[in-house]
Amino acid sequence: MKEAQIIELPKILDPRGNLSFFESNNQIPFEIKRTYWIYDVPGGEIRGGHAFKEQNEFIVVLSGSLDVAVFDGSEEKKYSLNRSYYGLYIPNGLWRRMENFATNTLALVVSSTSYDEKDYIRDKDEFIKLKSKENDSI
Ligand code: TYD
């Protein structure tokens with residue numbers, strides 16, 4: 001079973017201000033096709049309650065904090081992101097939900113695919129059914 005993973009990014013400490021970075025197929029295990037960011041999230045809102053069939057994602061919270069709940073069809077794990085030099089790699093086939101956004105949080109997301117609505121699984125029951133079929137066939 002694929003798992004989400006916290007990745008610690010390089011941190012170049014400098015009295016002028018610190019710097020972190022990541023590159024395709026280097027710090028993160030896929031080629032970046034798309035970048036988007038989430039901001040101005042009103043208190044209490046939840047984003048990203050869905051799974052992807054193909055795309056892999058990497059989420060870095062550049063400023064502020066949020067929690068990501070990752071559900072593999074049977075177990076849910078929560079990851080708190082509150083440093084700009086840590087990111088969460090979420091391979092495809094996992095249900096993810098972003099919540100608990102602090103005021104003014106800025107979350108950067110890079111994806112392995114271009115935007116494609118057909119790649120989304122937005123119905124949680126459908127996701128659970130798909131997962132149980134996968135497990136049956138193993
Ligand atoms: P979506 O990924 O559904 O966000 P959430 O699950 O948090 O609601 O994106 C919201 C809308 O933004 C979606 O309906 C289409 C649009 N969108 C794009 O056009 N391109 C993108 O790269 C993304 C991520 C979203």
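Counting starts at 1 for both ligands and their atoms, in listed order. Residue numbers run from 1 in the order of the sequence given.
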Evaluate whether atom [atom1] of [X] has more than 12 neighbouring non-hydrogen atoms of other residues, nucleotides or ligands under 6.0 angstrom away.
X	atom1	value
E45	CD	yes
Y39	OH	no
N26	CG	yes
K129	NZ	no

Heavy-atom closest pair, residues K33 and S112: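 Result for this residue pair: CG-O, 3.2 Å.
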Would you say Y89 and N56 make side-chain contact, with heavy atoms under 4.5 Å?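 Result yes, sub-4.5 Å side-chain heavy-atom pair found.
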For ligand 1, which atoms have a heavy atom of H50 less than 4.0 angstrom away?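 Taking each heavy atom of H50 in turn, ligand 1 has 2 (O), 6 (O) under 4.0 Å.
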How far is [atom] from its nearest protein heavy atom, and which residue and atom is that?
atom	answer
atom 17 (N) of ligand 1	Y115 CE1, 3.8 Å
atom 22 (O) of ligand 1	R34 NH1, 2.4 Å
atom 7 (O) of ligand 1	G48 N, 2.7 Å
atom 8 (O) of ligand 1	R47 NH2, 3.2 Å
atom 1 (P) of ligand 1	Y120 OH, 3.7 Å

Looking only at distance, does Y36 have an N or O less than 3.5 Å from an N or O of ligand 1?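 For ligand 1, there is no N or O atom that lies under 3.5 Å from one belonging to Y36.
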Can you find an N or O of E117 that's nearer than 3.5 Å to an N or O of ligand 1?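 N/O-N/O distance below 3.5 Å does not exist for this pair.
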Assess the side chains of Y36 and E57: does a donor N or O sit below 3.5 Å from an acceptor N or O?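 The criterion, which ignores hydrogens and geometry beyond distance, is satisfied for E57 and Y36.
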Indicate whether any N or O donor in one side chain lies under 3.5 Å from an N or O acceptor in the other, for D72 and S74.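 A pair is found: one side chain offers a donor N or O, the other an acceptor, under 3.5 Å apart.
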Once you restrict to heavy atoms under 4.0 Å, what part of R122 touches ligand 1? Side chain, backbone, both or neither.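 Side chain only.
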Of all the heavy atoms in M98, does at least one lie under 4.0 Å from an atom in ligand 1?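 Flag not set, M98 not near ligand 1.
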Hey, is atom 24 (C) of ligand 1 touched by any protein heavy atom at less than 4.0 Å?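 Given the 4.0 Å limit, the answer for atom 24 (C) of ligand 1 is yes, a protein heavy atom qualifies.
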